[in-house]
2 protein chains.
Amino acid sequence: MATWKNAVPEASAQFDRKREVLIREAAASFNRRGYYGTSLTEIAKKLGVTKAALYTYVPSKEELLYYCHDSAMDTAVEIVEAAQQGGGTGLQKLTRALRSYLEMMLGEDGSYVVLLEEHAMKPAHMKAIIKRRDQFEAALRSFVTDGIADGSIVPCNPKLAIFMVTGALNWSRKWYRPDGNWSGPQIAYALTQMLERSLSSSPSDQMLDDPGLFDPDMDEETLMAAVVEPRTAEGRRRPA
Amino acid sequence: MATWKNAVPEASAQFDRKREVLIREAAASFNRRGYYGTSLTEIAKKLGVTKAALYTYVPSKEELLYYCHDSAMDTAVEIVEAAQQGGGTGLQKLTRALRSYLEMMLGEDGSYVVLLEEHAMKPAHMKAIIKRRDQFEAALRSFVTDGIADGSIVPCNPKLAIFMVTGALNWSRKWYRPDGNWSGPQIAYALTQMLERSLSSSPSDQMLDDPGLFDPDMDEETLMAAVVEPRTAEGRRRPA
DNA sequence: CCTACCGATCGGTAGG
DNA sequence: CCTACCGATCGGTAGG
């Protein structure tokens, strides 16, 4: 007799799950071909259904784009909060945030982080997204001002600094190839290191000149020793 | 009797000029609303003609996008060549290239530098553009390897370094507001300074914390003195 | 350089 | 979740 009671949340979970898959698939397509360059028919075909079926989960194409942006902001906020709770100097918090942001973006479902074409949304949706993004950027800027105050970051303009780092990070989606020589975590480490150097009050004179040398399981000392050590021509690449 | 002879080049010049205006207008629209989000009717309206008139100057919308990309690459190549001929260390050449690239991009007709949606072009056009862009990036990378060799740049991965700086630069189009607090040259100076710091073998411990302080006519010493000096709340902004 | 039109494709809906 | 369809808009062309 309890069957009816259980059936409701199960069905609802199914619905939510499908909706989430739709959003990720849409975001990937919007990223690849642009909002106007992607038809709902294409998205539906990838999901094995017809266009009409999509309207069970979203009321319009525009709203689908809005959901994509909103999901991306959920992730961004999580990353900033985790970086904040990790503690340490301003520079450490910033570096941590940048690295996990990049790892996420270059990871499996990273393509769903939509960044462009906010103008395609209707004004109310656009304002909501821009507001959330401003909060994200403000959190990153606070790491910079923290760092300037605690001496870990060189005095600079926080606004410009954050524009610089987010630009460098977001651009990675344009050139990153999952089947290339470098893995996501390797690029995340090496790129973050370069950006950290531009802001650190005590910039390292040792940089990772081959991202392929980085191993997620390696500790900092071993890695830095590898940088100066002689090594084989192709170095160590794509560690499991 | 010479009238006829002169009329031909004049007409041809008129044609070329109009074509150029069309390309810039199209590039600005493509940048704003995307390739698929921009109709030829919109572009035509901005130029005060009808859509059909555009076909006198370009054979198709796709070809118009190709011309946009190609013009942008012309400018990029010019900038790199000028930076090369200026001489100096690898770091100096790189910094010079980045700064003029940014000044151009934030300048009056800068919006015509199209960067995205290469996939909208047919394969042959896409290949041609990607080839030219690779040459541009290779030139920038050579500045980095020059710099590592002459000791002005810290040992690093040139490919990653150029991806980082181009990302930071290209992203500026997303946030730059011509009517904002900072002028194009001011941002170009301050942002380039930050990027230079990430690669320099002797990173400055003095950064321009307010881009508004920068005056194109100011020499380096006066500027750096202004950075440490006390100043009025709003600093000096938007010098003529 | 314009008016008038074409075939194709789009987002969205009706009805089941 | 599908078939079948709608009005609107697109890129491109004919003919002048």
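Below, chain A is the first sequence line, B the second, and so on; all start at residue 1. Worth saying up front: this structure is predicted, and the values here are computed from it rather than measured.
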Open item on the list: Can you tell whether the side chains of R99(B) and E196(B) come within less than 4.0 Å, N to carboxylate O?
Closed with: no

Open item on the list: Does the plane of the ring in F163(B) sit parallel, tilted or perpendicular to the ring in W175(A)? Use 30° and 60° as the thresholds.
Closed with: parallel

Open item on the list: What contact category does S39(A) fall into here, base, sugar-phosphate, or nothing, at under 4.0 angstrom with non-hydrogen atoms?
Closed with: sugar-phosphate

Open item on the list: Considering every strand and a 4.0 Å limit on heavy-atom distances, what is the contact class for T56(A): base, sugar-phosphate, or nothing?
Closed with: base

Task: Spatial distance of atom NZ (K45(A)) from atom CD (E42(A)) [nearest 0.5 Å] - done: 8.0 Å

TODO: Could you tell me whether the side chain of L208(B) reaches within less than 4.5 Å of the side chain of N157(A), counting heavy atoms only?
DONE: no

Task: Lys/Arg-Asp/Glu bridge criterion (N-O < 4.0 Å) met for K174(A), E118(B) - done: yes

- [ ] Scan A53(B) against the nucleic acid and name what it touches under 4.0 Å (heavy atoms): base, sugar-phosphate only, or nothing.
- [x] sugar-phosphate

Task: Donor-acceptor under 3.5 Å (S172(B) side chain, A168(B) main chain) - done: no

- [ ] May I ask you to check whether Y101(A) and F136(A) place their ring centres under 6.0 Å from each other?
- [x] yes

Task: Mutual orientation of the aromatic rings belonging to Y57(B) and F15(B) [parallel < 30°, tilted 30-60°, perpendicular > 60°] - done: tilted

- [ ] Toss me the dot-bracket line for DNA chain C: Watson-Crick and G-U wobble, both under 3.5 Å, 5' to 3', using | for pairs to another strand and [ ] for crossers.
- [x] ||||||||||||||||

TODO: Assign Y57(B) to base, sugar-phosphate, or nothing according to its heavy-atom contacts below 4.0 angstrom with the strands shown.
DONE: sugar-phosphate

Task: Heavy-atom contact window of chain A on DNA chain C, given 5' to 3' at under 4.0 Å - done: dC10(C) to dT13(C)

